[in-house]
A.B. asks: 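Have a look at this one.
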Amino acid sequence: MAYHFLDPKEDGLPTMSSIMRYVTSRPVFQNNRLPKKKLVLAYGAVINVNASSYPDLFHVLKGGNNNFGIVTRFDLAMFENGLGYGGNLAYPISTMAANLGVFSNLSVPYYDPLSSFSTGVSFANGGWVVANSVYYTQDDTTQWSGFQDVKPQLANTVRTLNVSALATEKAGKVATTNR
Amino acid sequence: MSAASAGQDLMGLNASSPGMTLWLSSFAWTNPKDDANVTAAAANLALVAGIIASEEGSVTNTTFVYSAYANAKQKPYQGWAGGAVERLQAASKKYDPNGVFQKLVPGGFKVPT
């Protein structure tokens with residue numbers, strides 16, 4: 001995933017989607033994040049869609065985008081979570097091989113549903129940087145040593161924090177060009 | 001086509017699917033005159049990356065595309081296992097027989113014909 005370190009946005013409020021990406025591997029979110037939706041169909045009917053009401057439509061709406069109706073309400077499954085451990089790390093492009101090595105080692109062979117990370121290369125302000133965005137959904141400060149060990153670093157914000165603080169931080173790094 | 005359970009989605013992945021790395025390339029520019037070149041370069045990057053990964057043999061699922069990250073030239077539904085296209089077509093015929101959301105709603109990946 002590539003993103004750009006340009007000037008921060010004025011209103012870096014965390015969006016739902018930016019928070020969701022850190023917790024979507026949790027079982028409660030697996031394919032049942034939105035257990036109920038209210039949908040308006042083409043001929044004007046307003047229906048409730050869930051696992052037992054219009055189950056075929058419930059199924060295709062998970063991935064079927066805007067092909068079937070207008071969703072006017074959805075219920076969102078929630079779970080309680082405390083602080084996590086993560087942040088953003090930036091490096092010069094010379095560290096790309098080392099960072100991809102860490103990424104690869106973290107990716108296989110075991111799957112930790114509490115762990116979320118992305119590694120990207122980004123071109124901005126005339127130069128290339130490598131950037132890691134990491135979040136462990138528990139406050140486990142032993143995490144991320146692989147990425148922490150790669151040097152040199154241009155920036156490192158890894159710390160104990162909650163997911164909305166991390167989302168706000170990332171929102172400030174999104175490109176603000178108009179295309 | 002089997003009945004779906006409440007936990008399933010259209011993308012054809014499940015807990016026993018092999019692990020995958022989600023890859024996204026994102027472009028930002030300011031000059032409208034660059035639109036054609038940038039969108040072509042972006043589509044080409046995705047295409048070439050898929051070819052290289054496929055040739056290296058390191059990718060087990062070479063057809064899966066995540067629709068939220070796809071560019072307009074990609075066809076996400078066609079790459080999803082488990083009968084996604086058939087389910088979309090059946091649901092569209094049943095719930096939108098006049099194709100309102102296919103013909104009158106612009107944008108988005110439409111149901112494959």
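Atom set for the values below is all heavy atoms of this structure, side chains included, hydrogens, waters and symmetry mates excluded.
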A.B. asks: Please flag which part of A/Asn66 lies under 4.5 Å from any non-hydrogen atom of chain B: side chain, backbone, both or neither.
C.D. replies: both
A.B. asks: Transitively linked via ILVMFWY side-chain contacts under 4.5 Å: A/Phe103 with A/Trp144?
C.D. replies: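 Both belong to a single hydrophobic cluster.
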A.B. asks: What are the two closest non-hydrogen atoms of B/Ser67 and A/Asn65, and how far apart are they?
C.D. replies: OG-ND2, 3.6 Å
A.B. asks: Please determine whether residues A/Leu161 and A/Val163 belong to a single hydrophobic cluster, defined as Ile, Leu, Val, Met, Phe, Trp and Tyr linked transitively by side-chain heavy-atom distances below 4.5 Å.
C.D. replies: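 A/Leu161 clusters together with A/Val163.
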A.B. asks: Going by the rule salt bridge (charged side-chain N to carboxylate O under 4.0 Å, His left out), which residues pair with A/Lys36 if we only count those two or more places apart in sequence or in a different chain?
C.D. replies: A/Asp75
A.B. asks: Please report the shortest heavy-atom distance between A/Gly64 and B/Leu88, naming the atom on each side.
C.D. replies: CA-CD2, 4.0 Å
A.B. asks: Might you point out which heavy atoms bring B/Ser92 and A/Phe68 nearest each other, and give the distance in Å?
C.D. replies: N-CE2, 3.4 Å
A.B. asks: Report, as yes or no, whether the 6.0 Å neighbourhood of atom NZ on A/Lys151 holds more than 12 heavy atoms from other residues, nucleotides or ligands.
C.D. replies: yes
A.B. asks: Any idea which heavy atoms bring A/Val60 and B/Arg87 closest together, and the distance?
C.D. replies: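 Taking every non-hydrogen atom into account, CG1-O, 3.6 Å.
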A.B. asks: Can you tell which part of B/Pro97 gets under 4.5 Å to a heavy atom of chain A, answering side chain, backbone, both or neither?
C.D. replies: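 It is neither, since no heavy atom gets under 4.5 Å.
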A.B. asks: Find out if a path of hydrophobic residues (ILVMFWY) with successive side-chain heavy-atom gaps under 4.5 Å connects B/Met11 to B/Leu22.
C.D. replies: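 B/Met11 and B/Leu22: one cluster.
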A.B. asks: Could you state the interatomic distance from OH (B/Tyr95) to CG (A/Leu39), rounded to the nearest 0.5 Å?
C.D. replies: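 The OH atom of B/Tyr95 sits 10.0 Å away from the CG atom of A/Leu39.
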A.B. asks: Transitively linked via ILVMFWY side-chain contacts under 4.5 Å: A/Val46 with A/Val71?
C.D. replies: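 In one cluster with A/Val46: A/Val71, no.
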A.B. asks: For residues 100-113 of chain B, give me every residue with a non-hydrogen atom less than 4.5 Å from any non-hydrogen atom of chain A.
C.D. replies: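 From residues 100-113 of chain B, the residues near chain A are B/Val100, B/Phe101, B/Gln102, B/Val105, B/Pro106, B/Gly107, B/Gly108, B/Phe109, B/Lys110, B/Val111.
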A.B. asks: If you count every heavy atom of other residues, nucleotides or ligands that lies below 6.0 Å from A/Tyr54 atom OH, does the total exceed 12?
C.D. replies: no
A.B. asks: Report whether A/Phe74 and A/Phe58 are members of the same hydrophobic cluster (ILVMFWY, side-chain heavy atoms less than 4.5 Å apart, transitive linking).
C.D. replies: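 Per the 4.5 Å side-chain linkage, A/Phe74 and A/Phe58 are co-clustered.
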A.B. asks: The criterion is salt bridge (charged side-chain N to carboxylate O under 4.0 Å, His left out); which residues satisfy it with B/Asp34, sequence neighbours excluded?
C.D. replies: none
A.B. asks: So which of A/Leu41, A/Leu61, A/Leu57 has the largest heavy-atom pair count under 4.5 angstrom toward chain B?
C.D. replies: A/Leu57
A.B. asks: What residues of residues 36-50 of chain B make heavy-atom contacts with chain A at a cutoff under 4.5 angstrom?
C.D. replies: none
A.B. asks: Could you look at B/Tyr77 and say if it's the side chain, the backbone, both or neither that has a heavy atom under 4.5 Å from chain A?
C.D. replies: side chain
